Number of protein chains: 2
Amino acid sequence: MDIQLKRGLLDVCVLAAIRNEDSYGYKIIKDLKPCVELSESTLYTILKRLEAAGLLTVRTAEHDGRLRKYYRITQAGISRIETFKAEWKEVISIYKFVSEEGENEQA
Amino acid sequence: MDIQLKRGLLDVCVLAAIRNEDSYGYKIIKDLKPCVELSESTLYTILKRLEAAGLLTVRTAEHDGRLRKYYRITQAGISRIETFKAEWKEVISIYKFVSEEGENEQA
DNA sequence: AACACATACCTCGTGTTACGATGTATTACG
DNA sequence: CGTAATACATCGTAACACGAGGTATGTGTT
């Protein structure tokens, strides 16, 4: 999938991945894989960014003698998803412009 | 509208704007305005990029004693739009993941 | 024991990109 | 004569996704 097309999507994908229950980096990548592929370097960059923006909080916990960083979505994070959903109407209208324009030419 | 969300859309918007008839920078901005806003610096950067990629061709013509650069879409440009439309299924599935996830939580 | 592999985290450099600021020139209007 | 609209362009900046590479521990295999 086109990288540029991903850019507005990845942040909210990560937020959606931790929406129902806290998760950690490695699991987020696996969970998102069927939906959208992202590399580790990308994910950890995004997690840092979302934390700095207050859209999620971090908690370090031990699991089977190994450290994991669990991420929990904040209210601001949930709002971010809602904003995204609200903006989607514009995206759809852009898509329609791009996909429908010119089709009446073929008639 | 979120800048990141625009990134995968602007190129194809510009291509769609010249799809039915040749156009020039200033007019493209005006035509796209109801659909998506973009600044002049952004547009001219995009036009250069699309030309370099062979997605459109340029022709300079005089109009009322003033020079205009008219842009015409190429076959590759049309293919670019088709690729975009094909990728849209993935985008929709991502949107569904983001928007539907968690809604069954409220029941 | 030695080795590969999965888990789990991280940093750095690079290329792409949208934008504001700014500049140049001409035409139109008052 | 000045202001706005038309029409093009460049430069620097900040955001971002990614590959390459690094560190460390557990698990499975031979």
Side-chain angles (χ1 to χ4, degrees), chain A residues 1-15 17-18 22-33 35-53 55-56 58-71 80 84 87 90-91 94, chain B residues 1-15 17-18 22-33 35-53 55-56 58-71 80 84 87 90-91 94:
Chain A
M1 185 179 174
D2 179 51
I3 292 179
Q4 303 310 320
L5 211 44
K6 274 186 179 180
R7 281 180 117 97
L9 274 13
L10 285 180
D11 279 23
V12 281
C13 277
V14 171
L15 288 173
I18 63 169
D22 296 3
S23 187
Y24 55 97
Y26 214 73
K27 184 166 188 293
I28 292 170
I29 290 175
K30 282 196 163 183
D31 288 345
L32 286 180
K33 200 149 203 167
C35 180
V36 60
E37 298 235 20
L38 78 173
S39 68
E40 291 187 44
S41 60
T42 301
L43 198 250
Y44 289 113
T45 306
I46 290 173
L47 288 170
K48 283 261 172 64
R49 185 164 69 233
L50 296 179
E51 189 198 355
L55 305 186
L56 51 78
V58 196
R59 154 179 62 95
T60 303
E62 200 177 310
H63 180 87
D64 289 338
R66 178 181 294 170
L67 285 181
R68 276 186 189 161
K69 293 181 81 170
Y70 285 92
Y71 298 90
R80 174 70 181 81
F84 171 79
E87 268 184 327
E90 278 183 72
V91 174
I94 290 173
Chain B
M1 185 179 174
D2 180 52
I3 293 180
Q4 304 309 319
L5 211 45
K6 276 186 177 179
R7 283 181 116 96
L9 306 173
L10 286 182
D11 280 23
V12 282
C13 278
V14 172
L15 288 173
I18 62 170
D22 297 3
S23 188
Y24 55 96
Y26 213 74
K27 183 165 188 292
I28 293 171
I29 290 176
K30 283 194 163 185
D31 288 345
L32 286 180
K33 201 150 202 166
C35 179
V36 61
E37 298 236 20
L38 79 172
S39 67
E40 291 186 44
S41 60
T42 301
L43 198 250
Y44 290 111
T45 307
I46 290 172
L47 288 170
K48 283 259 173 64
R49 185 164 68 233
L50 296 179
E51 188 198 354
L55 304 186
L56 50 77
V58 197
R59 154 180 62 97
T60 302
E62 201 176 309
H63 179 86
D64 287 339
R66 179 182 292 170
L67 285 180
R68 275 186 189 161
K69 294 181 81 171
Y70 285 92
Y71 298 90
R80 174 72 182 81
F84 171 79
E87 268 184 328
E90 280 183 72
V91 175
I94 290 173

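Nothing here was measured: the structure is a model prediction, and the numbers come from that model. First the proteins, then the strands, lettered A, B, ... as listed; each starts at 1.
- Heavy-atom minimum distance, B/Cys13 versus B/Val36: SG-CG1, 3.9 Å.
- Rounding to the nearest 0.5 Å gives a distance of 8.5 Å between CG of A/Leu5 and CD of B/Glu90.
- Side-chain nitrogen and oxygen atoms of A/Tyr24 include none within less than 4.0 Å of the OP1 or OP2 phosphate oxygen of C/dC9.
- Following rounding to the nearest Å, B/Leu47 (CG) and C/dA18 (C1') show an atom-to-atom distance of 14 Å.
- Taking atom CG of B/Leu10 as the reference point, atom C1' of D/dC16 lies 15 Å away to the nearest angstrom.
- Between A/Ser23 and A/Ile28 the shortest heavy-atom distance is OG-CG1, 3.6 Å.
- Taking CZ of B/Arg7 as the start and CG of B/Asp2 as the end, the distance is 10.0 Å to the nearest 0.5 Å.
- If you measure from atom CG of B/Leu67 to atom C1' of D/dA9, you get 13 Å, rounded to the nearest angstrom.
- The two residues A/Tyr24 and A/Arg68 make their nearest non-hydrogen contact at OH-NH2, 3.1 Å.
- Between B/Gly25 and B/Tyr71, the shortest heavy-atom contact is N-CE1, 4.1 Å.
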The contact string for nucleotides 20-27 of chain C, one letter per nucleotide 5' to 3', using protein heavy atoms under 4.0 Å with B, S and - for base, sugar-phosphate only and none, comes out as BB----BS

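- The distance between atom CG of B/Leu38 and atom P of D/dC8, rounded to the nearest whole Å, is 13 Å.
- At whole-Å resolution of the value, CD in A/Glu62 and C1' in D/dG26 are 13 Å apart.
- Residues of residues 1-9 of chain A having a heavy atom closer than 4.0 Å to DNA chain D, listed by number: A/Ile3, A/Lys6, A/Arg7.
- The minimum heavy-atom distance linking A/Arg80 with A/Leu55 is given by the pair CG-CD1, 3.9 Å.
- Among the protein residues, B/Lys27 comes within range of no part of the nucleic acid, since none of its heavy atoms lies under 4.0 Å from any strand.
- The nearest whole Å value for the distance from the CZ atom in A/Arg68 to the C1' atom in D/dG26 is 12 Å.
- Nucleotide D/dA17 holds its P atom 14 Å from the CD1 atom of A/Ile28, rounded to whole Å.
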N/O donor to acceptor pairs below 3.5 angstrom from side-chain atoms of residues 37-46 of chain A, sequence neighbours left out:
residue, atom, partner, partner atom, Å
A/Ser39, OG, A/Ser41, OG, 3.2
A/Ser39, OG, A/Thr42, N, 3.4
A/Ser39, OG, A/Thr42, OG1, 2.9
A/Thr45, OG1, A/Ser41, O, 2.6

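- One finds no side-chain N or O of B/Lys30 lying less than 4.0 angstrom from the OP1 or OP2 phosphate oxygen of D/dA5.
- Picking from D/dC8, D/dC16, C/dA8 the nucleotide with the shortest atom distance to the side chain of A/Arg49 gives D/dC16.
- A/Lys48 places its NZ atom 12 Å from the C1' atom of C/dC12, with the value rounded to the nearest Å.
- Residues B/Met1 and A/Ile94 form a side-chain contact, since some pair of their non-hydrogen atoms from C-beta on lies under 4.5 Å apart.
- Considering only side-chain N and O atoms, B/Tyr44 lies under 4.0 angstrom from the phosphate OP1 or OP2 of D/dC8.
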